[in-house]
Amino acid sequence: SLDQKLFGVFPHTVLKKQSPLFRGFDDEFYIPHSRYTENRVEDILSKSELELLAVSPQAGVFAVKSRDNRHFFISGHPEYDPDTLALEYFRDVNRGLNIQVPANYFPDDNPKNTPLVRWRSAAQLFYTNWLNYYVYQTTPYDIREI
């Protein structure tokens with residue numbers, strides 16, 4: 001559990017550049033996060049059956065998979081719409097919660113500004129790669145082979 005909510009859009013880097021899951025990714029990519037919990041790098045690295053794929057200096061672990069390519073664990077929210085963090089922020093402000101402005105989201109950290117979307121291409125590529133390389137290409141054509 002974190003002392004305060006990890007909230008915003010954070011830069012990430014790929015640790016396993018040869019991973020098909022991150023084929024075509026830029027050297028740095030952005031992903032939204034909104035959570036009170038964390039997955040510690042040392043905990044992931046202590047499990048030989050897991051492979052740490054991508055991390056963020058601010059947000060920590062982003063992507064982990066099992067070495068057999070059957071299980072994937074994602075701690076961010078690449079699926080978020082452009083206004084998801086804004087809606088969450090304004091909801092919490094209206095509830096009277098002491099919430100910080102989501103990091104790297106509103107230009108000049110001003111909630112009156114339209115959010116800057118910088119994760120859409122990484123999100124699209126992430127899901128496309130997952131479906132192509134880990135679902136489509138590994139699923140037998142003949143159902144009797146499953």
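For reference, positions follow the sequence shown, starting with 1. Remember, predicted model here, so these are calculated numbers, not experimental data.
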Check your understanding: Can you check whether Leu97's main-chain N or O pairs, donor with acceptor, with Arg95's side chain at less than 3.5 Å?
Key -> no

Review point. Quick one: does His33's side chain get under 4.5 Å of His12's, heavy atoms only?
Key: yes

**Study point:** Atom pair CG/OH of Leu116 and Tyr30 - distance to nearest 0.5 Å
**Key:** 9.5 Å

Study note, to complete from the structure: Residues passing the salt bridge (charged side-chain N to carboxylate O under 4.0 Å, His left out) test with Lys65, sequence neighbours excluded, are Glu51

**Study point:** Test side-chain contact (heavy atoms from CB on, under 4.5 Å) applied to Leu21 and Tyr133, step by step
**Key:** CA-CA 7 Å; Leu21 192 59; Tyr133 296 114; over 6 Å; no

Exercise for review: Tell me, please, which residues at least two apart from Glu79 pass side chain to side chain contact (heavy atoms under 4.5 Å, CB included).
Suggested key: His77, Tyr127

Review point. Around atom CD of Glu28, are there more than 12 heavy atoms of other residues, nucleotides or ligands at under 6.0 Å?
Key: yes

Review point. Taking the side chain from Trp130 and the backbone from Phe72, do they hold a donor-acceptor pair closer than 3.5 Å?
Key: no

Exercise for review: Could you tell me whether a side-chain N or O of Asn129 sits under 3.5 Å from a main-chain N or O of Arg23, the two making a donor and an acceptor?
Suggested key: yes

Review point. What are the two closest heavy atoms between Ser56 and Pro11, and how far apart are they?
Key: OG-O, 2.8 Å

Point to revise | Over 12 non-hydrogen atoms of neighbours within 6.0 angstrom of CG in Asp68 | key: yes

Practice item. Taking atom NZ of Lys47 as the centre, report whether more than 12 heavy atoms of other residues, nucleotides or ligands fall under 6.0 Å from it. Key: no

**Study point:** Any Asn113 side-chain heavy atom under 4.5 Å of Asp108 side chain
**Key:** yes

Check your understanding: Do the side chains of Thr13 and Asp27 get nearer than 4.5 Å, heavy atoms only?
Key -> no

Review point. Are any non-hydrogen side-chain atoms of Leu15 and Leu53 less than 4.5 angstrom apart?
Key: no

Exercise for review: Provide the closest heavy-atom pair for Leu85 versus Pro32 in the form atom of the first, atom of the second, distance.
Suggested key: CD1-CB, 4.1 Å

**Study point:** Gap separating the OH atom of Tyr80 from the CD1 atom of Ile31, nearest 0.5 angstrom
**Key:** 12.0 Å

Point to revise | Hydrophobic cluster membership, Tyr134 vs Val14, 4.5 Å side-chain cutoff | key: yes

Point to revise | Close side-chain approach of Ile44 to Phe73, heavy-atom, < 4.5 Å | key: no

Practice item. Could you list the residues that satisfy side chain to side chain contact (heavy atoms under 4.5 Å, CB included) with Arg120, not counting sequence neighbours? Key: Pro82, Val117

Exercise for review: Carefully, step by step, assess Asn104 and Arg118 under the rule side-chain contact (heavy atoms from CB on, under 4.5 Å).
Suggested key: CA-CA 9 Å; Asn104 308 311; Arg118 57 175 112 200; 4.1 Å; yes

Study note, to complete from the structure: For Leu87, the side chain to side chain contact (heavy atoms under 4.5 Å, CB included) test, sequence neighbours excluded, returns Asp83

Exercise for review: Mind listing the closest non-hydrogen atom pair of Asp81 and Trp119 along with its distance?
Suggested key: O-CZ2, 3.5 Å

Check your understanding: Linking I/L/V/M/F/W/Y whenever any side-chain heavy atoms sit under 4.5 Å apart, do Val61 and Leu2 land together?
Key -> no

Review point. Rounded to the nearest 0.5 Å, what separation is found between the OG1 atom of Thr114 and the OH atom of Tyr105?
Key: 9.5 Å

Check your understanding: Do Phe62 and Val64 share a hydrophobic cluster, counting only Ile, Leu, Val, Met, Phe, Trp and Tyr and linking them when any side-chain heavy atoms are less than 4.5 Å apart?
Key -> no

Check your understanding: Looking at side-chain heavy atoms only, is the closest gap between Ile99 and Tyr89 below 4.5 Å?
Key -> yes

**Study point:** Pairwise distance CG(Leu45) to CG(Leu50) - rounded to 0.5 angstrom
**Key:** 9.5 Å

Revision key, fill the gap. Taking every heavy atom of Pro78 against every heavy atom of Ala123, the minimum-distance pair comes out as O-CB, 3.1 Å

Review point. Roughly how far, to the nearest 0.5 Å, is the OG atom of Ser19 from the CG atom of Leu52?
Key: 11.0 Å

Exercise for review: Identify, with sequence neighbours excluded, every residue that meets ring pair (Phe, Tyr, Trp, His ring centres under 6.0 Å) alongside Phe25.
Suggested key: Phe22, Phe29

Revision key, fill the gap. The salt bridge (charged side-chain N to carboxylate O under 4.0 Å, His left out) partners of Asp43 (sequence neighbours excluded) come to Arg40

Point to revise | Lys5 backbone acceptor or donor facing Gln100 side chain under 3.5 Å | key: yes

**Study point:** Heavy-atom side-chain proximity of Leu6 to Glu38 below 4.5 angstrom
**Key:** no

Review point. Do you know the tightest heavy-atom contact between Ser48 and Arg67?
Key: O-NE, 2.7 Å

**Study point:** Straight-line distance of Phe7 CZ to Tyr36 OH, nearest 0.5 Å
**Key:** 8.5 Å

